[in-house]
Each structure stands twice: as structure tokens, then as C-alpha cells.
Amino acid sequence: MSTPESSHSSNFIRDLVAIDRAAGKHGGRVVTRFPPEPNGYLHIGHAKAIALNFGIAQDTPGGMCHLRFDDTNPTTEDPEYVQAIQEDVRWLGFDWRGKMFYASDYFDQLDAFAVILIRKGKAYVDSLTADEIREHRGTLTEPGRDSPFRTRSIEDNLDLFARMRAGEFADGVHVLRAKIDMGSPNINLRDPILYRIRHASHYRTGTAWCIYPSYDFAHPLSDAIEGITHSLCTLEFEDHRPLYDWVVAETGAPHRPQQIEFARLNLTSTVMSKRKLLELVEKKLVTGWDDPRLPTLKGLRRRGVTPEAIRAFCEHIGVAKRDAIIEMQLLEHFIREDLNKRSPRVMAVLRPLKVVIDNYPESVVEELDAVNNPENASAGTRKVPFSRTLYIEQDDFREDPPKQFYRLAPGREVRLRYGYIIKCVSATKDPQTGAITELHCTYDVETRSGFVQEQRKVKATIHWVSAPHATQAAIRLYHPLLLPDQAKLPADQDWTRSLNPQSLELLSGCVVEPSLRSAAPGSRFQFERQGYFCVDPDSSSETLVFNRTVSLKDAWAKIEKTQQAPQR
RNA sequence: UGGGGGAUCGUCUAGCGGUAGGACGCCGGCCUUUGGAGCCGGCUACCUAGGUUCGAUUCCUAGUCCCCCAGCCA
């Protein structure tokens, strides 16, 4: 039973669902739901919930997963978000198969359920102020006290609730509360609020209503109305579960869903809370909700991350009840793994250093054959122009090469990818700054790529771009949003102080091979030896703009780092 | 000090009374016209203390530590 029969690894929720199904609970049906409030954009934490809910439905014969907008708070919600959320869920590769709902569609039914509760004496209109209600609620260690209005007659409650609904009262004057137990050790059971007055226009129902149900009332009933069998949510709702069950039972709702909680996703070196994301956007600390530094799905998409990578990540991290913080490197691993298989390779020089091949004829241009993707032979080959002057990466030359540096240095040889072995003859320096401005090299005509007669080995192969054929580009490199080891600032301190001021690195004057000239926004490439990049929508016909999705693993960077770190 | 949850390699995660497995990461090697990819090998983990049992990560007891809850947010 617990052996995985699909591509999905199991987890305790899948196990519970399988057990219920085997036992014929809910008639053997499995219906889950993803219930966002349309008050913000989705992020990778939501992706975990989406993958879980839709994944279970997908893997269960006859299983369904609904998309439901929990839009019970008119003051925070916006249709822009309902659109964006649908796009994001679809982009991730999931399909609600027409089962898209809104809690606001249930306002009539919810209202009727509230009346049922009032009639049963299980709900009452409270006329305490918000402050008074808080005072009566007690504390974590002290029980609450009954409101003086708790004993109102059913008739009065019915009348008052009708007048609340009719708009006779201002915001906050009355509230409908469940009559449960003000002494409960579970604060959620101390007569929770079911309805509040809000004279606000709802983006879907307009001004038809001026009372709105709370989450604790609307959510379980929405689940029940839709016939949800397994209502999956995050851990912080664990002690709402008794209330969830109470609402479903006391209203006599026709169906009893089961709430199951799991730990939300946390990732290192980024922020996931709605509040912090919003703050970053509003204070213009990032460029918008789709800033590629953000873990929003829009941001990840713009950065070049694929939905396949996100799904693989979600699958791998599992679902459990213990709080966990997943290392960003794990996400990066799945991004690289996916991009490695699918990305065409091209050559691009991020920080160009001009190279003149002194013994190469000036007027000649050769078209060299380059492999598009060594992981995928069917991707074929392309021609890359080679000429006497070209650009290589500044990092690929060292005037005074350290140990284990295999690249170019005075008197040293290196292979130009798909081309010749060249030897560095001299380096020209800026007399002012001492910076290397130009390299002079010679090439060995015998060593052209593909010529078999000579099998000379060199330690390194470097990428390059022919100078006269180069296409200009701007490239954006992204670094962690947060400074390392700053995750735990004192709570009273401004968290934005832990932001990495260098999270965005803008490179201009980059050069890329000419095959990229007309690359479309969104297209992804591996820049050989550098990383995975995608064309940003900011690209224009004049300037190509690339985002680095993720770097390639860099063995030399590691060596260099350990060389610099003195032994202890 | 109320209630609800949770503790397994550095980080995630499996385990359901019978040699603690996998992934990421890290270290080393092989291979390589990407210091990429791939391949091979290695890496001080069951919170503590008792108990039950032939045998405990698993069951029991008592602790310890961590997370959540006092919105008319979700």
C-alpha cells in the first residue's frame, strides 16, 4: 500500500488519501482544492500546495482538484489577482478541468447556513466593540468571558442579522458569532466571528452584500458545498480544525470534508511572506512582482525557471508536518537538471577582453560547426563565425596564473571552443590603470576543431565571440535576495536590513554570438561555461537583454576560493 | 505558566518492532573540445533519560527543545 506505484513519492497525506479511498470513504471519491485568496501573487510556497492538491487528484482515478478563490474579504481582493492566479496555475502545468469556483458564489448559501445556526441557538449577534470582544476573549492562559449579548433570543438574533444584512448598521456595530465555549483552551473556539459588517464593494458581488463571512465559516462550508473530500492546508490551521468540524456538523452541511495540515515551504535566502513581498514591491526595493529575484511564480518565470523544474522540486521536497527550511541550492539543482536537458548551447562573453590572433588572415571568416546540445543529438549543429579578432572572458586570462589555473596566460595555450588552439603572445595594458586591454595570440592552423590529424591536448577550452560578428547584449545577474546568515534578525529590527544590496548585478557591453540576434523573449539558452540565461521581455531589436536563471556549477571558483582561504 | 503540533546526516526526506535508505550539499577520483554534464567512491543522523521486548528510530513514561494560536485577515 505504501509502495509508490506512480512517479510520485508518497507522503503521509497521500497515504491517508489512499487509505480512505481503499476504505470506500466518500464513496471512494477524492476531491481536493487549491483555495487562494485573490489578494496577491502566487509564489513557490503556493506551488507546493498546488502540486500536492492537483498531484493527488491527478494520481487518483476519478480524482479532481478544484481551483477556488477564497474571496470573502472585499477590502483586500482584486480581479487582477484572480487572473494572475489562473495563469500561474496553468503555467505550472495543472488543470482544474472547469472546476473553478468562488467563495463569493456561495454567499447566499452561506447566509442560509448562518440562519440555520441562529435558529439552533448556535450563533448570536454580538454588539460589543472590537476592543471589547478582544478583552472578553481572554488570553492564552485565562479563559474568556461571555458577552452580555450572548443570551439574546433567537428572534432578536434573527432580526438583528437580517438588519445587518439589510445594511442598517455601520461597520463594526454588530457581528455574528458562533456560540461555542468562551472558556475553551482553544482560542478559536471562544465564540469565533462568523460574519462581519463591511460596507465595501466586492470585486464580484459589488454592493449586493454588506456582511461578509469569515474564513472560519466560509472555508469549511465551501469545501462541503463542493464535495471536497480532503481539505489540505498548512500547519497554522491545525487548531482551527475543531472549528472547521464544528461548522460543518452544526450547519448540517451535506458533506463532511476532512482537513489535513502540512508544513509550509520555507526557502533559505529569500522571503516568502505576503507582507514582506508586498513591502519589497511597494518600497521599490525590487522592480515589481515579477522581479526575477523574487520567489513569486511570475518572478521565477521571468528569470527563466521552468514549470517542470518547479514541479520536480515540489515532488522532491516531500510533504510532512515538521517545520523545514529548504536550501535554495536544492531548487537550483532542479532548475539546472531541467535546463541542462533542454537548453541550446551558445557562446556569450559577459566581460569581454579583446584578442587579436596575429597570424590569422585579416579578411578571412570561417564558419565553424558548433553542437547545439550535447545532451540531445537531435538538436543539431549551427555555424559560428570565427575571425582574427574576437572576445574572450576577462576571467579566462591571468597575467600571473595561480596554481591550477588552466586557462590563458602569457605563453600558455588554450583551445577556443569549436575552433583552434591559441597561444598567448603578449598582453597590452592600460598605462594608467594597469588593466589588461588586449591580448595578442597566435593560432595553430592544424588544430581546427574536427581535424583529426593532430590530437593535441590542452588543459582548457574557453568560449569566445568573433568581434566583427558580435551582438551586443545587457545581462542581469541575480544573487540571493538576503544576506547570508541574517535570517534571524531580532524581530523588532527592520528586516529589510538583511537584504543583499548586491542582489542585482547589471552587466552591459556583453557580446553574444550572432545566432542570438533575433532570440525571442522567454527563450532559454545555456551560455557555455557560464549558466542558463533567458531573454527578458525588456529586450528590444537594438539591445538584447538576458537574465541569468542560474549559473553552471563552477569548479574553478571553488578551487580559487579554497586557495584564498588560508588553512586554519 | 492554556491549547495544538513537531523533533532522523550540514539541509530536506524515507522508515510503520528485525542490519537507518535516498536526494541536495560537501570531499576525493574517473571522464571530458563546457573546470558543464555524466560516472565511481566517501561524508560523525534517529533530542535526552528511563521502561516494555530476544530486539526500539518505531511502543510506553518522564523530560528537553522548536513551531503555531489571543484579526471583525486568510
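A note on names: the letters A, B, ... follow the listed sequences, proteins ahead of strands, and every chain is numbered from 1. Just so you know, these numbers use all the heavy atoms, side chains as well, and skip hydrogens, waters and symmetry mates.
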All stems with RNA chain B, defined as three or more consecutive Watson-Crick or G-U pairs under 3.5 Å: B:2-7 with B:64-69, B:10-13 with B:21-24, B:25-30 with B:38-43, B:47-51 with B:59-63
A:Val305 side chain near A:Thr549 side chain, heavy-atom distance below 4.5 Å: yes
Sugar-phosphate, base or nothing in reach of A:Ala130, heavy atoms under 4.0 Å: base
Check ion pair A:Asp396-A:Arg407 (N to O, under 4.0 angstrom): yes
Touch class at under 4.0 angstrom, heavy-atom based, for A:Lys558 against every strand present: sugar-phosphate
Anti/syn call for B:rG5, syn if |chi| within 90°: anti
P gap between B:rG36 and B:rC26, integer Å: 12 Å
P-based separation of B:rA56 from B:rC46 [nearest Å]: 15 Å
Atom P, compared across B:rA37 and B:rG28: separation rounded to whole Å: 16 Å
Nearest listed nucleotide, side chain of A:Tyr406, among B:rA70, B:rG25, B:rG35: B:rG35
Shortest side-chain distance from A:Ala324, nucleotide among B:rU13, B:rU34, B:rG5: B:rU13
Pair A:Arg382 + A:Asp369: basic N to acidic O under 4.0 Å: no
Parallel, tilted or perpendicular, as decided by the 30° and 60° cut-offs, for the rings of A:Phe546 and A:Phe527: perpendicular
Contacting residues from residues 182-190 of chain A, given that a heavy atom lies under 4.0 angstrom of RNA chain B: A:Pro185, A:Ile187
Ring centers of A:Phe217, A:Tyr195 separated by less than 6.0 Å: yes
Under the side chain to side chain contact (heavy atoms under 4.5 Å, CB included) test, residues paired with A:Cys210 that sit two or more places apart: A:His199
Within residues 140-150 of chain A, residues whose heavy atoms come under 4.0 Å of RNA chain B: A:Leu140, A:Thr141
C1' atoms of B:rA7 and B:rU1, separation to the nearest Å: 23 Å
Rounded C1' spacing from B:rA45 to B:rC40 in Å: 24 Å
Cationic N near anionic O, under 4.0 Å, A:Glu226 to A:Arg33: no
N/O (side chain, A:Ser214) to phosphate O (OP1/OP2, B:rA74) under 4.0 Å: no
Candidate nucleotides B:rG36, B:rG35, B:rA70, ranked by approach to the side chain of A:Arg134 - the nearest: B:rA70
Per A:Thr72 side chain, nearest of listed nucleotides B:rU13, B:rA74, B:rG22: B:rA74
Atom P, compared across B:rU58 and B:rG6: separation rounded to whole Å: 15 Å
Nucleotide of B:rG36, B:rC68, B:rC12 approaching A:Ala555 most closely (side-chain heavy atoms): B:rG36
Under-4.0 Å side-chain N/O to phosphate OP1/OP2 contact, A:Arg322 with B:rA7: yes
Tell me which donor-acceptor pairs under 3.5 Å the side chains of residues 232-239 of chain A have, and how far apart each pair is, sequence neighbours excluded?
from	atom 1	to	atom 2	distance (Å)
A:Thr234	OG1	A:Glu236	OE1	3.0
A:Thr234	OG1	A:Glu236	OE2	3.1
A:Glu236	OE2	A:Arg264	NH2	2.5
A:Glu238	OE2	A:Lys321	NZ	2.5
A:Asp239	OD1	A:Asn188	ND2	3.1

Ring pair (Phe, Tyr, Trp, His ring centres under 6.0 Å) assessment of A:Trp556 paired with A:Tyr406: CA-CA 9 Å; A:Trp556 165 244; A:Tyr406 301 148; 7.7 Å; no
Whole-Å P distance, B:rA62 and B:rA70: 29 Å
Residue-level proximity of residues 526-534 of chain A to RNA chain B when a heavy atom falls under 4.0 Å: A:Gln526, A:Glu528, A:Arg529
Interatomic distance at P, B:rC59 relative to B:rG17, whole Å: 9 Å
A:His240 vs A:Lys321, nearer the 5' end of RNA chain B by closest nucleotide: A:Lys321
